[in-house]
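These notes are about the structure you will find just below.
For clarity, every value in this text was computed on a predicted model and none was experimentally measured.
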Amino acid sequence: MNWILKAAAQKVISCLPAAHRINLLLQRYITVGKELSDAFVMDRLMHVRKHVQAHERFHPQPLGEIQILEIGTGWYPIVPIALFLMGANAIETTDIRQLYNRTSLDQTLRALLRLHAQDRLRAVLPAYDAARIPQLMQALANPHASQKLALLHIRSTTARYAQMTIADSSKDFIISNNTLQYFAADVLDGFFAELKRIAKPGAILSLSVDLTDEFAQFDASIGPFNFYKYSEPKWRLLTSRLGRLNRLRCSDYEKGLAKHQFLILEKAHVQEDAQTLQKMQLDPHFSRYSPQDLCTAHARWVAAVGG
């Protein structure tokens with residue numbers, strides 16, 4: 001599919017009164033499907049595994065004794081449900097709006113139960129507690145979305161990320177998967193300030209960001225950094241409020257963490273070959289970044305509250 005056509009379709013949908021509901025239907029029937037694929041679920045479970053490993057390395061308390069916050073619930077709450085299976089007992093997941101519904105929750109639960117029944121869940125989450133599987137079955141049978149999550153010790157909230165209604169010094173472990181790339185730069189700064197406010201002393205952050213042009217997933221003719229060609233005004237014209245990438249680079253996120261006194265404990269970057277940029281005419285805005293920064297496709301940071 002030509003990425004310009006997809007971007008134009010998203011732009012049109014974003015102007016409609018029920019834009020987010022329409023987008024959910026497209027997710028269910030076209031992008032993702034009526035049932036979640038194993039590959040889709042496994043990808044998100046790998047994030048969970050890395051988060052849990054970070055917790056084990058850097059936080060002294062067991063997962064079941066801490067307060068966890070996930071940023072970016074999304075359409076399918078795979079991550080918080082998987083954290084429940086890993087032993088978490090106090091999980092809050094928040095988003096700027098509630099994207100999931102009873103149908104997408106049931107899709108998520110069925111997918112995890114299917115992987116358990118096939119004895120494939122253990123391959124990605126070796127330490128999950130099979131004794132908690134009956135609670136997933138109970139949640140699947142419950143007709144109410146909010147009660148489904150409550151049965152799994154999950155609290156779902158909505159909030160503006162630069163002004164979250166979460167108590168000061170209340171969270172031990174804060175995680176996010178491929179959400180921050182949608183924050184405008186000014187919102188991101190306020191968001192890091194909020195994380196500093198709500199994090200307990202000794203709290204750990206585990207953050208993953210996809211730094212590529214998501215339209216490349218739909219159009220094989222463009223590369224992972226196609227968006228470097230466009231000025232900010234043109235990028236805003238091409239894309240919609242439903243999911244506009246901020247195009248920030250690793251260095252921007254790391255400056256934000258440092259500004260708000262988060263100490264990076266470890267980081268992992270996945271690089272694309274520098275040849276991906278050689279034939280591109282980059283917009284002057286991106287000339288301030290190093291080639292390594294521009295070629296970073298995915299990044300993950302584990303950080304601690306400092307200062």
Counting the benzene-type ring for Trp, do [X] and [Y] have ring centres under 6.0 Å apart?
| X | Y | value |
| --- | --- | --- |
| Phe225 | Tyr228 | yes |
| Tyr76 | Phe40 | yes |
| Phe183 | Tyr161 | yes |

Going hydrophobic residue to hydrophobic residue with side-chain gaps under 4.5 angstrom, can you get from Leu151 over to Leu105? no
When clusters are formed by joining ILVMFWY residues with side-chain heavy atoms under 4.5 Å apart, either directly or through shared neighbours, do Tyr289 and Val270 land in the same one? no
Looking at every heavy atom in both [X] and [Y], which two are closest together, and how far apart are they?
| X | Y | result |
| --- | --- | --- |
| Trp235 | Leu245 | NE1-O, 3.0 Å |
| Ala54 | Arg300 | CB-NH2, 3.6 Å |
| Glu272 | Ala297 | CG-CB, 3.8 Å |
| Thr179 | Ile71 | OG1-O, 3.6 Å |
| Arg102 | Pro143 | CD-O, 2.9 Å |
| Ala199 | Ile174 | CB-CD1, 4.3 Å |

Do side-chain atoms of [X] reach the backbone of [Y] as a donor and acceptor pair under 3.5 angstrom?
| X | Y | result |
| --- | --- | --- |
| His298 | Thr212 | no |
| Gln181 | Asn178 | yes |
| Trp75 | Asn101 | no |
| Thr296 | Gln271 | no |
| Lys171 | Ile198 | no |
| Ser104 | Tyr100 | no |
| Ser170 | Ile166 | no |
| Asn246 | Leu180 | yes |

Just how far is it from atom [atom1] of [X] to atom [atom2] of [Y], taken to the nearest 0.5 Å?
| X | Y | atom1 | atom2 | value |
| --- | --- | --- | --- | --- |
| Leu282 | Leu294 | CG | CG | 6.5 Å |
| Ile81 | Leu109 | CD1 | CG | 4.5 Å |
| Asp273 | Thr276 | CG | OG1 | 6.5 Å |
| Leu265 | Ile204 | CG | CD1 | 5.5 Å |
| Arg110 | Glu35 | CZ | CD | 4.0 Å |
| Lys255 | Cys250 | NZ | SG | 12.0 Å |

Run Leu85 and Val48 through side-chain contact (heavy atoms from CB on, under 4.5 Å) and show every step you take. CA-CA 11 Å; Leu85 287 175; Val48 176; over 6 Å; no
Quick one: sort the His260 and Phe192 rings into parallel, tilted or perpendicular, breaks at 30° and 60°. tilted
Do [X] and [Y] have side-chain heavy atoms sitting under 4.5 Å apart?
| X | Y | result |
| --- | --- | --- |
| Tyr253 | Leu188 | yes |
| Asn177 | Glu70 | yes |
| Gln67 | Lys200 | yes |
| His269 | Trp301 | yes |

Determine, step by step, whether Arg160 and Met164 satisfy the side-chain contact (heavy atoms from CB on, under 4.5 Å) criterion, reporting the C-alpha distance in whole Å, the side-chain angles of both residues, the deciding distance to 0.1 Å, and the verdict. CA-CA 6 Å; Arg160 294 165 57 188; Met164 292 186 280; over 6 Å; no
Does either side chain, that of [X] or that of [Y], offer a donor lying less than 3.5 Å from an acceptor on the other one?
| X | Y | result |
| --- | --- | --- |
| Thr157 | Glu92 | yes |
| Lys229 | Gln281 | no |
| Gln147 | Asn142 | yes |
| His51 | Ser206 | yes |

Could you give me the CA-CA distance, side-chain angles and deciding distance for Arg247 and Asp213, then say whether salt bridge (charged side-chain N to carboxylate O under 4.0 Å, His left out) is met? CA-CA 8 Å; Arg247 303 187 295 169; Asp213 188 333; over 6 Å; no
Under 3.5 Å, which donor-acceptor pairs link side chains of residues 111-128 to any protein atom two or more places apart or in another chain?
unit_1	atom_1	unit_2	atom_2	d
Arg114	NE	Asp38	OD1	3.3
Arg114	NH2	Leu36	O	2.8
Arg114	NH2	Asp38	OD1	2.8
His116	ND1	Tyr128	OH	2.6
Gln118	OE1	Arg120	NH1	3.3
Arg120	NH1	Asp38	OD2	2.4
Arg122	NH1	Pro126	O	3.1
Arg122	NH1	Tyr128	O	2.6

Should the pair Lys234-Asp283 be classified as a salt bridge under the 4.0 Å nitrogen-to-oxygen rule? no
Under 4.0 Å between a side-chain nitrogen and a carboxylate oxygen: does that hold for Asp293 and Arg249? no
In terms of heavy-atom contacts, does CZ of Arg155 have more than 12 from other residues, nucleotides or ligands at under 6.0 Å? no
A quick test of your reading: do over 12 heavy atoms of other residues, nucleotides or ligands sit less than 6.0 Å from NZ of Lys50?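 For Lys50, atom NZ is not crowded (no more than 12 foreign heavy atoms under 6.0 Å).
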Taking it one step at a time, do Asp172 and His59 satisfy side-chain contact (heavy atoms from CB on, under 4.5 Å)? CA-CA 8 Å; Asp172 300 282; His59 201 283; 3.7 Å; yes
Using the side chain to side chain contact (heavy atoms under 4.5 Å, CB included) rule, pick out the option among Leu83, Thr93, Ile91 that qualifies with Ile175. Leu83
Between Gln98 and Thr73, is a side chain to side chain donor-acceptor pair (under 3.5 Å) present by the stated rule, with each step listed? CA-CA 8 Å; Gln98 182 178 309; Thr73 311; over 6 Å; no
Establish, yes or no, whether the cationic atom of Arg244 lies under 6.0 Å from the six-membered ring centre of Tyr182 and within 45° of the ring axis. no
The test is side-chain contact (heavy atoms from CB on, under 4.5 Å); show your working for His55 and Leu63 and say whether it passes. CA-CA 8 Å; His55 164 263; Leu63 202 66; 3.8 Å; yes
